[in-house]
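Naming convention: chains lettered A, B, ... in sequence-line order (proteins, then strands); numbering from 1 in each chain.
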Number of protein chains: 2
Amino acid sequence: MDRLDRKILRILQEDSTLAVADLAKKVGLSTTPCWRRIQKMEEDGVIRRRVALLDPVKVNTKVTVFVSIRTASHSIEWLKRFSEVVVDFPEVVEFYRMSGDVDYLLRVVVPDIGSYDAFYKRLIAKIEIRDVSSAFAMEQIKYTTELPLDYMVLDNQKSGED
Amino acid sequence: MDRLDRKILRILQEDSTLAVADLAKKVGLSTTPCWRRIQKMEEDGVIRRRVALLDPVKVNTKVTVFVSIRTASHSIEWLKRFSEVVVDFPEVVEFYRMSGDVDYLLRVVVPDIGSYDAFYKRLIAKIEIRDVSSAFAMEQIKYTTELPLDYMVLDNQKSGED
DNA sequence: TGTATAACGAAAAATCATTTCGAAAGGACT
DNA sequence: AGTCCTTTCGAAATGATTTTTCGTTATACA
C-alpha cells in the first residue's frame, strides 16, 4: 500500500458513493488502476465492508448510555455466556473488555431513559451481573467511522505528496 | 416509513453494495419503487451517508483508549476551545458530553500505548486540561454501525411481517 | 542494455442505476 | 356502490457506471 491507496481510503471512508472514474480523477489515476486498487484492498480485507449510516434521531435511538461493568471473580463459563448475551442485544453497538478499574464497557443506544431501563431489565434477566454503573451521554459532539490513516504502514516509494 | 422501509434499512446498514434489483427482490418489491424509497430516505436524512469501513488492524489503529475528563469549573470560552481542539484530532473517533461523574468521554484510536502517550502530549499541549484518566480496551468484542431499528416509528399500515 | 514484473490507460462489454410511462391499489367523499 | 383523487407500484427504455480486455509504459534487476 502506498500513498495513492491511502488517498483512496481517505475518500472512501468519507463517501463510498463516488463513481470510480471520479474517485480516480481525484487521486490522479485513470479508472482501471484505481478500480483494481480498490478491488485489491477489498480482497486484502483493508476495506471490510460498505454500509449505510443512519441518523440516530430519525430511527429513534438518540440516547447513548455507557455501561461499566465490574465482574470481580467469575467462572470462564460465566464470562463466555456474558459475552454471548450482551453481543446479541442490538442496542449494544460497542462492547469492550477493559484493563484497569472497569472490566467491561458497553455503548448502548436507545430512544430514552425509560427504554434504557427496559433494556437493563432484559439484560439482567438473561444473566446475573454484579456491579453495573450507567453513564448517560448528554451530547454526541463527534462520532465518526473514519479511522486515522496517518499511522498506516506504506511500502514507501512512489508518487504523491498527501 | 413502514415495514418495507425498515427492511431496506436493515439490509443497507449491513451492506450497501447490493444492486437495487437484488435488494428489491429481498424485500419483495420491484426495483423502481424500492429505488424510490431509498431515494426518499436519503432526502429525508434517514440515510445520512454511505461509507467504507476499514479494518483497524490493517490501518494500524488496533488500540482503543477511553479518556475520561473532569473539568470542574471552566469558562464558556475554555469549553468552546476544548471541543474544537478535541474534534480536530483524527484519533478521536467519538466524543461525548456526559452527565454525572465524568464530564467528557473520548474514544481514541492509536497503534499502541506509545502512540497514545504521544497523542496525549499533543492534546495537552494544545489546551490545558485538569483531570484526565485513560482506560485501555484489551479487546473489542463488538463494534457495529448498525442502529437497532426496533424503536423506529412506523406509519403503521401496510404489508410485511418482519 | 536487455528482460521480467508490475502498474498503467483507452476502449469495449456487461451490469446497474435512473427515468418514463401506464396501471393498479387504497381512501375519501357523494 | 361509485367516482375521483392520491399514492404506490412495475415493465421497459435510457443513461451511467462498473468490469473486462488488451496493448502500452514504467520500474527493478541482472
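Take Asp117(B) and apply the salt bridge (charged side-chain N to carboxylate O under 4.0 Å, His left out) test, not counting sequence neighbours, and it matches Lys121(B). Legend: residues meeting side chain to side chain contact (heavy atoms under 4.5 Å, CB included) with Ser83(B), ordered by chain and number and at least two apart, are Ile141(A), Phe95(B). Considering only residues two or more places apart in sequence or on other chains, Thr17(A) meets the side chain to side chain donor-acceptor pair (under 3.5 Å) condition with Asp15(A).
Between dC9(D) and Arg37(B), a contact under 4.0 Å exists linking OP1 or OP2 to a side-chain N or O. Taking 4.0 angstrom as the limit, Trp35(A) places none of its side-chain polar atoms (N or O) nearer than this to OP1 or OP2 of dT18(D).
Rounded to an integer number of Å, the gap from Asp2(A) CG to dA6(C) C1' is 12 Å. If you measure from atom NZ of Lys25(B) to atom P of dG10(D), you get 13 Å, rounded to the nearest angstrom. Between Leu4(A) atom CG and dG9(C) atom P the separation is 10 Å, expressed in whole Å. To the nearest angstrom, C1' of dT19(D) lies 18 Å from NZ of Lys40(A). Separating the CG atom of Leu29(A) from the P atom of dA26(D) is a distance of 14 Å, rounded to the nearest angstrom. Residue Ile38(B) contributes atom CD1, which lies 12 Å from atom P of dC9(D) at whole-angstrom precision. The CD-P distance, from Gln39(B) to dT8(D), rounds to 15 Å in whole Å. Per the geometry, CD1 belonging to Ile8(B) stands 13 Å off P belonging to dA17(C), to the nearest Å.
Among Val27(B), Ile11(B), Leu154(B), the one residue that satisfies the side chain to side chain contact (heavy atoms under 4.5 Å, CB included) test with Arg6(B) is Leu154(B).
Aromatic pair Phe66(B)/Phe136(B): ring centres not closer than 6.0 Å. Taking the six-membered ring where the residue is Trp, the centroids of Phe89(B) and Phe119(B) are separated by under 6.0 Å.
Comparing the start and finish of the helix from dT1(C)-dA30(D) to dT30(C)-dA1(D), five pairs each, the helix axis swings through 30°, to the nearest 10 degrees.
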Which atom pairs, one a donor and one an acceptor, fall under 3.5 Å between side chains of residues 41-48 of chain B and the rest of the protein, sequence neighbours left out?
residue: Glu42(B); atom: OE2; partner: Arg50(B); partner atom: NE; Å: 3.0
residue: Glu42(B); atom: OE2; partner: Arg50(B); partner atom: NH2; Å: 3.2
residue: Asp44(B); atom: OD2; partner: Lys40(B); partner atom: NZ; Å: 2.7

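Residue Trp35(B) holds its CH2 atom at 12.5 Å from CD1 of Ile8(B), rounded to the nearest 0.5 Å.
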Every protein N/O within reach of nucleotides 11-17 of chain D N/O, cut-off under 3.5 Å:
residue: dA11(D); atom: N6; partner: Thr32(B); partner atom: OG1; Å: 2.7

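Taking the six-membered ring where tryptophan is involved, the planes of Tyr120(A) and Tyr116(A) are tilted, since the angle between them lies from 30° to 60°.
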